[in-house]
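Numbered from 1 within each chain, the chains take letters A, B, ... in sequence-line order.
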Amino acid sequence: MKTNELISMLSSQVDPVDTREVVRNVRIAILVGAAASLLAVVFVLGVRTDLNEIHAQVFLIAKLAFSLSVVILASHYLVKYIRPGGEFRVRFALTVLPFLAIMIIAAISLATAPRSHWETIVFGSYWLECLIAIPTVAVVPFAAIMSAVRLAAPTDLVRTGALAGLVAGGVSATAYALHCMDDLFPFIALWYGGTIVLCTVAGAVLGPKLLHW
Amino acid sequence: MTKEFDLKALMTASLQGDSNAHRSLLTALSGHLRSYYKSRLLRSGRPAEETEDLVQEALIVIHTQRHTYDPEQPLTPWVYAIARYKLIDHLRRTRTTTADVPLDNAEYILASDDNAAAESQLDLAKLFERLPERMRLSLQYVKLDGLSVAEAADRSGMSPSAVKVNIHRGLKILTALIARETKA
């Protein structure tokens with residue numbers, strides 16, 4: 001085939017295109033994933049019953065502040081990475097900020113607690129549930145986000161997949177916070193932070209397989 | 001950056017549905033893509049005949065993925081990212097090491113221009129035969145014979161919207177076929 005012929009073929013009847021659609025798709029997918037995660041937590045796990053207490057409210061807000069800042073930062077970068085060459089434009093180093101913040105607060109709170117309490121503080125009552133629930137609940141938002149990203153054309157599949165996993169993990173942690181009764185910063189840092197990182201690593205591994213075009 | 005300026009103007013017009021701008025854009029880019037791929041294939045020890053396959057594959061991607069371009073950003077890095085992605089993909093499929101694809105400055109893609117009349121190893125007619133008939137006819141009439149959608153609809157007995165849909169789907173399948181062919 002001659003390249004000129006191909007060009008003629010491609011340039012007859014050129015339709016106008018909407019360049020913002022790819023970003024809109026990803027935003028809708030994040031909202032759909034968030035709605036699915038909320039439903040799963042509310043109806044399967046149940047919302048924590050002590051939300052009328054100030055202590056519970058304060059820690060719910062702290063957890064949401066952490067997970068939502070992860071979601072907002074990561075999705076800000078994700079919508080740039082879905083376009084070819086997005087990786088040349090921005091790096092997403094800023095996404096470590098919420099993790100750093102929660103780790104510093106956790107370290108301070110550990111340092112001020114007696115050493116004999118550390119194990120209880122770090123593991124809380126439901127660490128295993130948290131470890132299983134956040135990655136599990138993240139599956140639906142991750143699938144929704146990845147299918148929206150597939151409608152675009154990322155050229156750095158590892159980083160794009162990682163960002164999608166980070167957003168999904170953050171969305172899932174946000175929903176799980178409504179259920180979770182463990183109210184200690186070291187717990188949040190380890191089990192929320194850790195599971196979100198796990199989702200990010202899974203996204204990085206799956207990115208080249210799922211996003212290849 | 002005058003090349004960037006001119007190409008971006010063409011791209012902006014083409015995104016709004018300007019066929020002539022689209023043709024000029026693809027023609028201009030094909031020259032840059034050709035010289036990029038020629039030098040990169042040479043460096044990776046691949047036969048030069050693969051150049052035109054890659055040029056065409058990249059042109060198809062630039063066409064079908066033009067909605068992923070952000071008009072607020074320069075065009076050059078977008079084109080370069082696509083060209084490089086397709087090159088790495090090609091080298092991986094042909095089992096050559098990708099360690100040799102350097103991360104160039106994005107402007108490298110516009111550094112030179114090669115407009116030698118070029119033909120890929122693909123036989124378009126053969127690929128066409130593999131399309132379902134309605135798609136083949138729609139593409140044949142509108143894209144190759146230059147008929148309008150209405151004329152193609154008359155001649156083939158399809159509705160104009162069916163012709164459009166068949167062109168759209170046919171191009172997608174054709175893209176996939178070309179991509180598969182170049183794997184060999």
Side-chain angles (χ1 to χ4, degrees), chain A residues 1-29 75-91 146-161 164 207-213, chain B residues 14-27 30 34 52 55-56 59-73 76-82 84-85 88-89 103 106 117-125 127 139 142-144 146 148-149 164 167-168 171 174 178:
Chain A
M1 173 171 38
K2 289 214 165 61
T3 300
N4 299 341
E5 288 171 5
L6 176 74
I7 292 175
S8 305
M9 193 172 87
L10 296 177
S11 42
S12 56
Q13 314 272 347
V14 177
D15 294 323
V17 292
D18 180 358
T19 52
R20 279 169 303 195
E21 197 186 355
V22 283
V23 171
R24 204 157 48 228
N25 291 337
V26 170
R27 294 208 172 116
I28 291 171
S75 51
H76 168 78
Y77 290 111
L78 177 62
V79 295
K80 297 192 163 55
Y81 270 73
I82 57 173
R83 298 180 191 272
E87 67 274 22
F88 304 148
R89 280 173 58 198
V90 283
R91 289 281 181 244
M146 290 298 261
S147 52
V149 173
R150 280 176 57 88
L151 299 173
T155 46
D156 188 333
L157 306 185
V158 173
R159 289 198 177 91
T160 309
K209 294 185 183 73
L210 297 179
L211 299 176
H212 184 259
W213 49 275
Chain B
S14 118
L15 289 174
Q16 282 151 14
D18 181 337
S19 303
N20 289 328
H22 195 61
R23 181 189 304 266
S24 311
L25 176 73
L26 294 184
T27 307
S30 68
R34 190 167 297 118
E52 214 52 31
V55 170
Q56 295 184 1
L59 287 174
I60 291 172
V61 172
I62 286 167
H63 171 78
T64 52
Q65 297 291 347
R66 61 192 189 280
H67 65 285
T68 64
Y69 169 62
D70 180 353
E72 282 164 23
Q73 298 296 321
T76 311
W78 181 82
V79 172
Y80 170 67
I82 290 176
R84 184 167 182 272
Y85 182 86
I88 291 175
D89 197 40
L103 192 56
E119 198 162 349
S120 71
Q121 301 171 75
L122 296 170
D123 186 341
L124 186 60
L127 289 179
L139 280 173
V142 177
K143 297 286 182 181
L144 295 183
S148 71
V149 170
K164 277 191 187 168
I167 289 174
H168 192 72
L171 272 183
L174 206 55
I178 292 173

Is the closest side-chain heavy-atom distance between B:D70 and A:K80 below 4.5 Å? no
Passes side-chain contact (heavy atoms from CB on, under 4.5 Å), A:L10 versus B:L26? Steps please. CA-CA 9 Å; A:L10 296 177; B:L26 294 184; 3.9 Å; yes
So for B:Q16, is it side chain, backbone, both, or neither that comes closer than 4.5 Å to the heavy atoms of chain A? backbone
By the definition side-chain contact (heavy atoms from CB on, under 4.5 Å), identify the one residue from A:N4, A:T3, A:I7 that meets it with B:T27. A:I7
Let's test your reading of the structure: which of A:S11, A:G85, A:S8 forms the most heavy-atom pairs below 4.5 Å with chain B? A:S11
Check the surroundings of atom NE2 in B:H67: do more than 12 heavy atoms from other residues, nucleotides or ligands lie under 6.0 Å from it? yes
Heavy-atom distance under 4.5 Å to chain A: side chain of B:V149, backbone, both or neither? both
Closest heavy-atom pair, B:P77 versus A:F88, reported as atoms and distance to 0.1 Å, is O-CE1, 4.0 Å
Could you tell me which portion of A:L6 (side chain, backbone, both or neither) has an atom closer than 4.5 angstrom to a non-hydrogen atom of chain B? side chain
Inter-residue atom distance B:E52.CD - A:K2.NZ, 0.5 Å rounding: 11.0 Å
Value rounded to 0.5 Å, distance of CZ in A:R83 from CD1 in B:I82: 11.5 Å
Less than 4.5 Å to any heavy atom of chain A: does that hold for the side chain of B:I60, its backbone, both, or neither? both
Distance in Å, A:D15 CG paired with B:K164 NZ, rounded so as to fall on 0.5 Å steps: 6.5 Å
Which residues in residues 151-159 of chain A have a heavy atom less than 4.5 Å from any heavy atom of chain B? A:L151, A:A152, A:A153, A:P154, A:T155, A:L157
side-chain contact (heavy atoms from CB on, under 4.5 Å) involving B:L15 - partner list, sequence neighbours excluded: A:V17, A:T19, B:M11, B:R66, B:Y69, B:P71
Could you measure the distance from the CD atom of A:E5 to the CD atom of B:Q56? Nearest 0.5 Å is fine. 9.0 Å
B:D89 and A:H212: side-chain donor and acceptor closer than 3.5 Å? yes
Taking every non-hydrogen pair under 4.5 Å, which of B:S24, B:S14, B:A21, B:S19 racks up the most with chain A? B:S19
Would you give the length of the straight line joining atom CZ of A:R89 to atom CD of B:Q73, rounded to the nearest 0.5 angstrom? 3.5 Å
